[in-house]
There are 2 protein chains.
Amino acid sequence: MAIGRPRAFDADKALDEAMEVFWRHGYEGATIAELTAAMGINAPSLYAAFGSKEGLLKAALDRYSGKRAAFMQHVLDAPTAREVARRLLFGTADLQTDPANPPGCLLVQGGLACATGHENVPSELASRRADNEELLRERFKKAKADGDLPATADPTGLARYLSAQTAGMGVLAASGADRRALRQVATLAMKAFDSASGA
Amino acid sequence: MAIGRPRAFDADKALDEAMEVFWRHGYEGATIAELTAAMGINAPSLYAAFGSKEGLLKAALDRYSGKRAAFMQHVLDAPTAREVARRLLFGTADLQTDPANPPGCLLVQGGLACATGHENVPSELASRRADNEELLRERFKKAKADGDLPATADPTGLARYLSAQTAGMGVLAASGADRRALRQVATLAMKAFDSASGA
DNA sequence: TCCAATTTGTAATGTTCGCTACAAATGTGG
DNA sequence: CCACATTTGTAGCGAACATTACAAATTGGA
């Protein structure tokens, strides 16, 4: 059984470049021409490997999640709920201003609103943001069960609040806010967490 | 001197419709065909009145600012810095989930990232978000001078924090968060404000 | 009543969009 | 070395995009 001509590009490397283009220009602002140029391949290769522009986005989102998985695990592994919040907020401030990446968060920059007919792009991004929020919520439920958080604590509300912080920081970063500014927001956001968790 | 054929549409009414389209689909997701259909005019009328798609966006942004001016004035007129924050946060929670408008905030949904060549759309939106932040900053500087905020308070940091809250709520609203959820975020955000302003 | 000025509707402009046919190239298995 | 399977590069597809030419329509002023 013949195997065929081997692929001449590294799919993960190409996805990194595609991710960066979507991150910087959003789904609709990223053109196939720009994507193929950044990925170092041409259109037929892109479509053979990823099916469509939307398929490429989903693959890039998967890769994004994968790259952030270690960070999220580090956050969730924190010994206390407070430390979870602290790691998330300050880690996010640093990640969203990492000069190695476009500013902000792909799940926000990628596209909050899209053209008629592309509704599932914003909803896909929203769904992935919700996944992160859910991880935090479960972590806080556990903290509550463990007595780390008081019985009056609201895991859903805390998780949603932190979700709003990371999204808000993403918007600030997109506007050019620097690391110091985002850390300052994180510092203030921690105060709310402390009040709400009875610290 | 001849005056010419009178315009057959109401420019403000048309701008309201354009604003809604930009709000719901973002700058790049809004097509001229969709805009003209919503505005009830045809393309030449649009271009005669607003010059270009970008000119229409700016006009829609002006109208948006105008509509929110009364709200911002109500916020800034609050007797204390705390009340400024409270009015802003809860008012924003309600505005961004007002069923009369698309969810979220036009200054966020409009487009955080755009295609190459349209860079001034995101920067225009960022500039208008910065204007709002500046209004808050000046208000907090005044509060500090008046002794309403302690001498240790940081007006810039507080304004930026609130800016992050409204942006974050906008993202949550775009994901389908309801009014109750946003008010819960506002409640938590107030706790940070209270801690940071020594209440 | 004709002229000047402006808007309106139709129809089209050139460009760019996402996507794909097709043939040449490159590999594996027999 | 041959047959097959897959990828690559070129070139182009139809559709949609923002924008505009142009002529008919509508007004006020001379």
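Atom set for the values below is all heavy atoms of this structure, side chains included, hydrogens, waters and symmetry mates excluded. Here the structure is a predicted model, which is why all the values come from computation and not from measurement.
Within the nucleic acid shown, B:Ala30 comes within 4.0 Å of sugar-phosphate atoms alone, with no base atom in reach, counting heavy atoms only. Within the 4.0 angstrom heavy-atom criterion, no nucleotide atom of any strand lies near A:Phe50.
Less than 4.0 Å separates DNA chain D from at least one heavy atom of each of the following residues of residues 33-49 of chain B: B:Ala43, B:Pro44, B:Tyr47.
If you take CZ of B:Arg7 and P of D:dT26, they are 18 Å apart, rounded to a whole angstrom. For the pair B:Glu54 CD and D:dA18 P, the interatomic distance rounds to 13 Å; values are reported in whole Å. Protein atom NZ of B:Lys53 is 14 Å distant from nucleotide atom P of D:dT20, rounded to whole Å. Following rounding to the nearest Å, A:Ile32 (CD1) and D:dG14 (P) show an atom-to-atom distance of 19 Å. One interatomic measurement links the two molecules: CZ of B:Phe9 to P of D:dT26, which rounds to 17 Å at whole-angstrom precision.
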Point to revise | B:Lys142 and B:Asp146: CA distance, side-chain angles, deciding distance, salt bridge (charged side-chain N to carboxylate O under 4.0 Å, His left out) verdict | key: CA-CA 6 Å; B:Lys142 174 175 169 297; B:Asp146 293 350; 3.3 Å; yes
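Comparing C:dA24, C:dG18, D:dT26 against the side chain of A:Arg5 picks out C:dA24 as the nearest. When distances are taken from the side chain of B:Ile3 to each of D:dG28, D:dT8, C:dT8, the shortest belongs to D:dG28.
Checked for salt-bridge contact, A:Glu20 and A:Arg24 meet the test: a charged N lies under 4.0 Å from a carboxylate O.
Heavy atoms only, all atoms of each residue included: A:Phe22 and A:Ala30 are closest at CD2-CB, 3.7 Å. B:Ser65 approaches B:Arg128 most closely through the heavy-atom pair OG-NH1, 3.8 Å. Among all heavy-atom pairs drawn from B:Gln96 and B:Met169, the shortest one is OE1-C, 3.1 Å. Nearest heavy-atom pair, A:Glu119 versus A:Thr116, reported as atom, atom and distance to 0.1 Å: OE2-CA, 3.5 Å.
When each of A:Thr31 and B:Ala8 is assigned the nucleotide of DNA chain C with its nearest heavy atom, B:Ala8 is the one assigned upstream, toward the 5' end.
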